[in-house]
Student: 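Questions regarding the structure given below will be posed in turn.
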Amino acid sequence: MASTVIYRHFNAPSRGFTRFSHELIRHPRLSSDAVRLLTWQLSLPQGARESLSRTAERARIGSCAFGRAKRQLKEEGFVHERRVQVSGGRWMTQQLVSSTPLTADQATKLLAREPVASSQVTPSPRNPVVGAPAADEPVSPSTGGHPKKDREVETSHLPPEAVEESPRLEEARALVGALPLLSSALCHIPRGMRDELARFAARWLDAGHTSADVHQHILRGLPGAGTPLHRPGGLVRYLLRDVPLRELPPPRVPGSRLSARLEGARECAGDHTQPMLFRPIGDETHCAACT
């Protein structure tokens, strides 16, 4: 039997390196994209304000893979984020990236130390740096994208491709009309904004998302309990501005067949923890155990 022997040649760099724990690199529940996204972020200079989405773009991580990686990092406590409302009614997203898992309370305390103008904190073995951005330093567009005013009639916030009438517009209007039922925070959306929000929602429906997908996305974007929401229409517009790709199941190859061993088998319509295949004698839909 052939065997494999591996040899390693490693030269430790003298500069331009970052120290990571083995537990982070070998984390059993983080994908390679999640580890790459996290290590890239932690390797940035102290005080860098590069957003996670920008890092994913530079690392050539696709939108779907980025969504999965970010979700894994949030579930494991390496990434925390929250939306806060700043002066002028604008909304900003604060992102916290940590080299060690943090609880929600620990992340909230770290974010509370940061000035609201800061869009990202990257902790290191040293104490986090606290300070306002330089006067000539631009703020990341991803954190200042919320419009300054809620205009009831103006629809200039819509992208060019949204100007064309969507065949799903009536469904989108019903989707927007149901927003007050989701949360009391959405009860005071200006009536004049509903058509604009419906056109944003229609872009999500045209991309394959369902009304439930849109509602869940909006609910996830609402501020936490106890945080006042002064401009609900502006927040919904901010949340619906970018339409993510919807992951679809891989199409079934025409003419694909079961293996010869499973030929003629049928999946039982009964209640099973996992799909149960059986060979029917006639046209029965349940296996012997269910009948």
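Computed from a predicted structure; not experimentally measured. These values consider heavy atoms only, across backbone and side chains, with no hydrogens, waters or symmetry-generated copies.
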Student: The criterion is side chain to side chain donor-acceptor pair (under 3.5 Å); which residues satisfy it with Glu170, sequence neighbours excluded?
Tutor: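 Per chain and number, Glu170 pairs via side chain to side chain donor-acceptor pair (under 3.5 Å) with Arg173.
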
Student: Mind checking what makes salt bridge (Lys or Arg N to Asp or Glu O under 4.0 Å) contact with Glu267, not counting sequence neighbours?
Tutor: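 None.
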
Student: Quick one: side chain to side chain donor-acceptor pair (under 3.5 Å) partners of Glu75, sequence neighbours excluded?
Tutor: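 In terms of side chain to side chain donor-acceptor pair (under 3.5 Å), with neighbours along the sequence ignored, Glu75 is linked to no residue.
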
Student: Which pair of heavy atoms, one from Ala172 and one from Ala198, lies closest together, and at what distance?
Tutor: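 Minimum heavy-atom separation between Ala172 and Ala198: CB-O, 3.1 Å.
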
Student: Determine yes or no for a side-chain-to-main-chain donor-acceptor pair under 3.5 angstrom, with Gln216 supplying the side chain and Asp213 the backbone.
Tutor: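 The answer is no, because no donor-acceptor pair under 3.5 Å joins these two groups.
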
Student: Look only at the side chain of His215 and the backbone of Leu175, and say whether a donor-acceptor pair between them is shorter than 3.5 Å.
Tutor: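 Side chain of His215 to backbone of Leu175, a donor-acceptor pair under 3.5 Å: yes, one is there.
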
Student: Listed by chain and number, what are the salt bridge (Lys or Arg N to Asp or Glu O under 4.0 Å) partners of Lys74, not counting sequence neighbours?
Tutor: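 With neighbours one apart ignored, the set is Glu81.
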
Student: Is there a donor-acceptor pair closer than 3.5 Å between any side-chain N or O of Thr55 and the backbone N or O of Ser51?
Tutor: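 Here the side-chain-to-backbone pair exists.
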
Student: Residues two or more places apart in sequence or in another chain: which of them pass ring-ring contact (aromatic ring centres under 6.0 Å, His included) with His188?
Tutor: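 Applying ring-ring contact (aromatic ring centres under 6.0 Å, His included) to His188 gives none.
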
Student: Distance from Leu222 atom CG to Leu182 atom CG, nearest 0.5 Å?
Tutor: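 Atom-to-atom, Leu222:CG and Leu182:CG are 8.5 Å apart.
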
Student: With sequence neighbours excluded, what pairs up with Gln72 under the side chain to side chain donor-acceptor pair (under 3.5 Å) test?
Tutor: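 Testing Gln72 for side chain to side chain donor-acceptor pair (under 3.5 Å), a comparison that skips the adjacent residues, returns Ser31.
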
Student: Go through the structure and list residues passing ring-ring contact (aromatic ring centres under 6.0 Å, His included) with His27, not counting sequence neighbours.
Tutor: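 Applying ring-ring contact (aromatic ring centres under 6.0 Å, His included) to His27 gives Phe78.
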
Student: Under the 4.5 Å side-chain heavy-atom rule for ILVMFWY, direct or indirect, which residues accompany Tyr7?
Tutor: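 Val5, listed by chain and number.
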
Student: With salt bridge (Lys or Arg N to Asp or Glu O under 4.0 Å) as the test, would you mind laying out the steps for Glu196 and Arg199 before giving the verdict?
Tutor: CA-CA 5 Å; Glu196 180 186 6; Arg199 287 181 171 84; over 6 Å; no

Student: Excluding sequence neighbours, so at least two apart, what forms side chain to side chain donor-acceptor pair (under 3.5 Å) with Asp206?
Tutor: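 Asp206: side chain to side chain donor-acceptor pair (under 3.5 Å) contacts with Ser166.
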
Student: Answer yes or no: is there a side-chain heavy-atom contact under 4.5 Å between Leu169 and Asp195?
Tutor: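 SC-SC contact between Leu169 and Asp195 ruled out.
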
Student: If the condition is ring-ring contact (aromatic ring centres under 6.0 Å, His included), which residues does Trp40 pass it with, not counting sequence neighbours?
Tutor: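 Expected list: none.
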
Student: Could you check Arg58, Gln95, Gln41 and say which one makes a side chain to side chain donor-acceptor pair (under 3.5 Å) with Glu50?
Tutor: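 It is Arg58; the other options fail the test.
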
Student: Go through the structure and list residues passing salt bridge (Lys or Arg N to Asp or Glu O under 4.0 Å) with Arg19, not counting sequence neighbours.
Tutor: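 With sequence neighbours excluded, Arg19 shows a salt bridge (Lys or Arg N to Asp or Glu O under 4.0 Å) to no residue whatsoever.
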
Student: So, using salt bridge (Lys or Arg N to Asp or Glu O under 4.0 Å) as the criterion, who are the partners of Arg220 when residues are at least two apart?
Tutor: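 With sequence neighbours excluded, Arg220 shows a salt bridge (Lys or Arg N to Asp or Glu O under 4.0 Å) to no residue whatsoever.
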
Student: Do the non-hydrogen side-chain atoms of Phe66 and Ser53 ever get within less than 4.5 Å of each other?
Tutor: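 Phe66 vs Ser53: side chains touch.
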
